[in-house]
Number of protein chains: 2
Amino acid sequence: MATFGEFLRAERNKKGLNQSEFGQPFGIIMTEISKIENGRKKFPFTSLVALAKFLGQNYSELKNLYVADKLVEEAHKYECSDAVFTVAESQSKYLKSKNVKQGKIKF
Amino acid sequence: MATFGEFLRAERNKKGLNQSEFGQPFGIIMTEISKIENGRKKFPFTSLVALAKFLGQNYSELKNLYVADKLVEEAHKYECSDAVFTVAESQSKYLKSKNVKQGKIKF
DNA sequence: CGACAACTTGCCAATTATTAGCAAGTTTAA
DNA sequence: TTAAACTTGCTAATAATTGGCAAGTTGTCG
């Protein structure tokens with residue numbers, strides 16, 4: 001499992017495109033693609049649906065990869081052990097069960 | 001496993017303090033503590049060490065709780081399933097192994 | 001029903017973070 | 001050495017987060 005940037009670079013190479021060509025469909029210029037592949041900035045979330053189509057991949061899975069990247073960055077920023085992801089998962093489950101009980105189906 | 005805000009509120013109640021008193025040692029006024037307990041804004045990270053001491057708790061565990069809260073918020077913002085946390089963990093492990101191979105011990 | 005303490009929320013200005021794009025520099029391969 | 005592909009530094013614009021005050025709730029006690 002690679003980072004989102006590395007994943008993008010691999011997909012781009014599969015298609016034999018350079019950064020300029022790859023960015024075209026999303027209106028992203030070469031230098032931005034470079035920064036994205038190198039993890040210096042995020043792929044714009046608003047283009048993620050288009051990206052999934054372009055890559056012929058499942059949107060939800062792609063989104064998971066995308067968001068996971070952010071989570072990892074956050075965890076490393078705070079120098080957390082990987083245990084933090086387990087804690088997060090149980091907090092998430094807790095929140096959902098709480099909201100179900102309160103009738104807030106919004107999850 | 002509760003949210004960080006709920007956790008704080010529980011700890012405060014254990015000590016029998018009101019929000020004003022609880023915020024005192026960290027220089028945080030009542031309305032801010034309220035927002036923090038209700039998850040409307042973050043406890044300042046710069047005071048987390050002091051908080052751990054004040055609560056007599058292990059700093060790393062407290063930090064995990066604190067950061068996990070952020071991760072959950074992010075995951076929900078993007079409407080991700082809990083699978084995202086597992087993906088994140090494996091991405092994190094991948095990054096670490098990659099950095100070890102490159103001699104960057106910085107994790 | 002007041003009155004008071006404890007708490008929540010809305011709003012705003014100020015700080016902080018993130019972004020897009022260009023310019024300049026680096027790498028790679030012929 | 002040259003050119004294409006890529007990376008990085010810088011800056012102005014945009015977006016996100018914060019602290020604090022004011023105004024509004026809630027809950028309890030007499």
Side-chain angles (χ1 to χ4, degrees), chain A residues 2-51 63 66-79 98-99 102 104 106, chain B residues 2-51 63 66-79 98-99 102 104 106:
Chain A
T3 66
F4 192 76
E6 290 173 344
F7 163 78
L8 271 194
R9 172 162 288 163
E11 292 296 316
R12 177 169 67 84
N13 287 335
K14 272 189 205 165
K15 289 183 177 289
L17 302 175
N18 65 27
Q19 292 177 333
S20 216
E21 295 162 337
F22 187 84
Q24 202 87 1
F26 318 110
I28 304 178
I29 67 178
M30 181 228 294
T31 63
E32 296 306 299
I33 296 290
S34 170
K35 286 170 188 169
I36 291 166
E37 287 183 354
N38 290 295
R40 296 174 185 279
K41 112 180 10 173
K42 305 284 172 293
F43 185 88
F45 181 67
T46 48
S47 299
L48 206 60
V49 175
L51 178 63
K63 190 173 64 173
Y66 178 84
V67 174
D69 214 57
K70 290 188 175 235
L71 304 191
V72 169
E73 198 177 84
E74 196 79 356
H76 284 174
K77 186 164 113 196
Y78 290 98
E79 300 180 316
K98 191 177 104 176
N99 284 316
Q102 296 183 355
K104 297 178 186 172
K106 192 59 186 169
Chain B
T3 67
F4 192 75
E6 289 173 344
F7 164 77
L8 271 193
R9 172 162 288 164
E11 292 296 317
R12 178 170 67 83
N13 287 335
K14 273 189 204 165
K15 289 184 177 289
L17 302 175
N18 64 27
Q19 294 177 332
S20 217
E21 295 160 339
F22 187 84
Q24 202 88 0
F26 318 110
I28 304 177
I29 67 177
M30 180 228 293
T31 63
E32 295 307 299
I33 296 290
S34 170
K35 286 169 187 168
I36 291 166
E37 287 183 354
N38 290 296
R40 296 173 186 278
K41 112 180 11 174
K42 305 281 171 295
F43 186 87
F45 180 66
T46 48
S47 300
L48 206 62
V49 175
L51 179 63
K63 190 173 63 172
Y66 178 83
V67 175
D69 214 57
K70 289 188 176 238
L71 304 191
V72 169
E73 198 177 84
E74 198 79 355
H76 283 174
K77 185 163 112 194
Y78 290 98
E79 300 180 315
K98 190 178 104 175
N99 283 316
Q102 296 184 354
K104 297 179 186 171
K106 194 58 186 171

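- The CD atom of A/Glu21 sits 10.5 Å away from the CD atom of A/Gln19 when rounded to the nearest 0.5 Å.
- Between A/Gly23 and A/Ile33, the closest heavy-atom pair is CA-CD1, 3.7 Å.
- Between the NZ atom in A/Lys42 and the CG atom in A/Leu48 there is a gap of 13.0 Å [rounded to 0.5 Å].
- For the segment residues 9-41 of chain B, the set of residues with a heavy atom within less than 4.0 Å of an atom of DNA chain C comprises B/Arg9, B/Arg12, B/Asn18, B/Gln19, B/Met30, B/Thr31, B/Ser34, B/Lys35, B/Asn38, B/Arg40, in numerical order.
- For the helix from C/dC1-D/dG30 to C/dA30-D/dT1, the axis fitted to the five pairs at one end and the axis fitted to the five pairs at the other end meet at an angle of 30° (nearest 10 degrees).
- Between the A/Asn18 side chain and the A/Ser20 main chain, a donor and an acceptor come within less than 3.5 Å of each other.
- Note: B/Leu8 CG to B/Leu51 CG = 5.5 Å, rounded to the nearest 0.5 Å.
- For the atom pair B/Phe7 CZ and B/Asp69 CG, the distance stands at 11.0 Å (nearest 0.5 Å).
- Judged as a ring-ring contact (aromatic ring centres under 6.0 Å, His included), and not counting sequence neighbours, the contacts of A/Tyr66 are A/Phe4, A/Phe45.
- Taking the 5' to 3' direction, DNA chain D first and last meets chain B under 4.0 angstrom from a heavy atom at D/dT18 to D/dA22.
- Between atom CG of residue A/Asn38 and atom CD of residue A/Glu6 there is a gap of 9.0 Å, rounded to the nearest 0.5 Å.
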What are the atom names and distances for every N/O pair under 3.5 Å that joins the protein to nucleotides 13-18 of chain C?
none

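- Taking OG of A/Ser34 as the reference point, atom CD1 of A/Ile29 lies at 10.5 Å (rounded to 0.5 Å).
- A/Ser47 places no side-chain N or O within donor-acceptor distance of the main-chain N or O of A/Ala50, the cut-off being under 3.5 Å.
- Among pairs with a residue in residues 22-39 of chain B, those fulfilling salt bridge (charged side-chain N to carboxylate O under 4.0 Å, His left out) read B/Arg9-B/Glu37, B/Arg12-B/Glu37, B/Glu32-B/Lys35, B/Glu32-B/Lys41, at least two apart in sequence or across chains.
- Between B/Glu73 and B/Lys70 there is no salt bridge, since no side-chain N of the basic residue sits under 4.0 Å from a carboxylate O of the acidic one.
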